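Owing to the predicted nature of the structure, the values given are computational and were not obtained by experimental measurement. Labels below follow one simple rule: chain letters A, B, ... track the order of the sequence lines, proteins then strands, and each chain is numbered from 1.
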There are 4 protein chains.
Amino acid sequence: MNITLAQAEAAIVAAKQKAAELKTKMNICVVDAGSNLVAFVRMDGAWIGSVDIAQKKAKTAAWFMMNTSALSPLVQPGKPLFNIEHSNSGLITFPGGVVINNAAGQIIGAIGVSGDTVENDHEVATAGAVAVK
Amino acid sequence: MNITLAQAEAAIVAAKQKAAELKTKMNICVVDAGSNLVAFVRMDGAWIGSVDIAQKKAKTAAWFMMNTSALSPLVQPGKPLFNIEHSNSGLITFPGGVVINNAAGQIIGAIGVSGDTVENDHEVATAGAVAVK
Amino acid sequence: MNITLAQAEAAIVAAKQKAAELKTKMNICVVDAGSNLVAFVRMDGAWIGSVDIAQKKAKTAAWFMMNTSALSPLVQPGKPLFNIEHSNSGLITFPGGVVINNAAGQIIGAIGVSGDTVENDHEVATAGAVAVK
Amino acid sequence: MNITLAQAEAAIVAAKQKAAELKTKMNICVVDAGSNLVAFVRMDGAWIGSVDIAQKKAKTAAWFMMNTSALSPLVQPGKPLFNIEHSNSGLITFPGGVVINNAAGQIIGAIGVSGDTVENDHEVATAGAVAVK
């Protein structure tokens, strides 16, 4: 089961709205369950460097079927997945990548958000993910 | 002068509509004048391999300030720009990348479309480009 | 708004002069607001390995609209942006990348300097940045 | 023997002057005999896609100690060096890369120019190369 473009666009609308509420400018990316790009927007004035980070957050979440925030503690020095970021032509393992489930609880894709603090990135990504029915 | 997200989204709406008219499924990408990603959509069922091609077509058009269709004859064996595709981590030099001008005639970005014949790709990209005011 | 070549050359002249004062040999790079290369020099005898670092510092500053010295504390183990360097085909997040503003306070580009201690790199980059009017 | 920064800057001044005469906007790159970057400028309004091409032309000329125009016939289909562009993370083998000799006739570096027709690129590169004493 893969997310549709209509679902991805709903996620992006919700994420943009949350970003506006937080007065931030975000890069927002949605990938399908196969980690392939479905939709992307960069809000006016958002960091260009976050174009790639938003995509890598979404892909990382889809590749490992978990939010990137769940990976963050595991990739620290001395921890089991230290330097896993060297795989897959580059992971991003800090918050802002969130899996997207369908109504049946299956993972159908992921959303990645980058452009502000990791807390705000995660909040905007979550707003996008929960907007998908 | 760079394209805004609202302008990029207008281009994508017009391109999606043209793709539907032609009964094709497309990857559609918009970049700004600096060749940085602004917006992207993959229509349901469109080729995954065209995710990258649509982006490279848009970037190629922005990088050289011309439609990719203008490059195609120049890159053939024996022609002046043979194998230019090895630059910039990969160009796409067949039709489907179209520059986007503002009302004053300045190039503010480019649109790249991939998913069908190059004729259809070019037609859909053009529909997107001309929708930007 | 993007930096002009004349402005970039003024930044490089000032940076070279500061490097000479500090008796160091530097690689100096200027990019525009879209993070595309505008000008570069490697002073005689400067580290070849810093050719790439100077460019990545300038790009990192432009991509995130902040000096690389502002990123350094955030990318440490346990900190929010740990291993962000895996994005964008490689960031450099230690000091030496400095944003360039125009007289109106807009970011029009960035300068990256590499070739000595990070303190000297940062000082030379700053000398270049403030020379742009 | 490697080109000095002063020599590279003299080449760039001469190349910029020739580009202005030809009413073109160029990316101009100088590398040393080891193919490492020494100096680079992008003239205002020059193609961003030529940032990389100018560098690859200069490097290709330095790597093989010959002008890129000498390689062009050899890389065509059926010819001995067909698809050599896949080496070295990408070569550019059409005209515009020119070796730089010192007064003793030794190769001390190369200049690469990109931004217009290959004829103009080559002419501007040659103007830069011969300005080095």
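- B:Q76 CD: more than 12 foreign heavy atoms inside a 6.0 Å radius.
- Under the 3.5 Å distance criterion, the side-chain polar atoms of B:N88 are matched with a main-chain donor or acceptor of D:G49.
- In this structure, chain D has a heavy atom under 4.5 Å from the backbone of B:A33, while its side chain stays farther away.
- Note: D:E85 CD to B:S87 OG = 11.0 Å, rounded to the nearest 0.5 Å.
- In summary, of the residues considered (D:T93, D:I92, D:V75), a side chain to side chain contact (heavy atoms under 4.5 Å, CB included) with B:F82 occurs for D:V75 alone.
- Taking OG of D:S50 as the reference point, atom CZ of B:F64 lies at 5.0 Å (rounded to 0.5 Å).
- Atom NE2 in B:H86 sits 11.0 Å away from atom CD1 in D:I84 (nearest 0.5 Å).
- Within the 4.5 angstrom heavy-atom criterion, atoms from both the backbone and the side chain of B:L81 approach chain D.
- Among D:G115, D:S89, D:P77, the residue making the largest number of heavy-atom pairs under 4.5 Å with chain B is D:P77.
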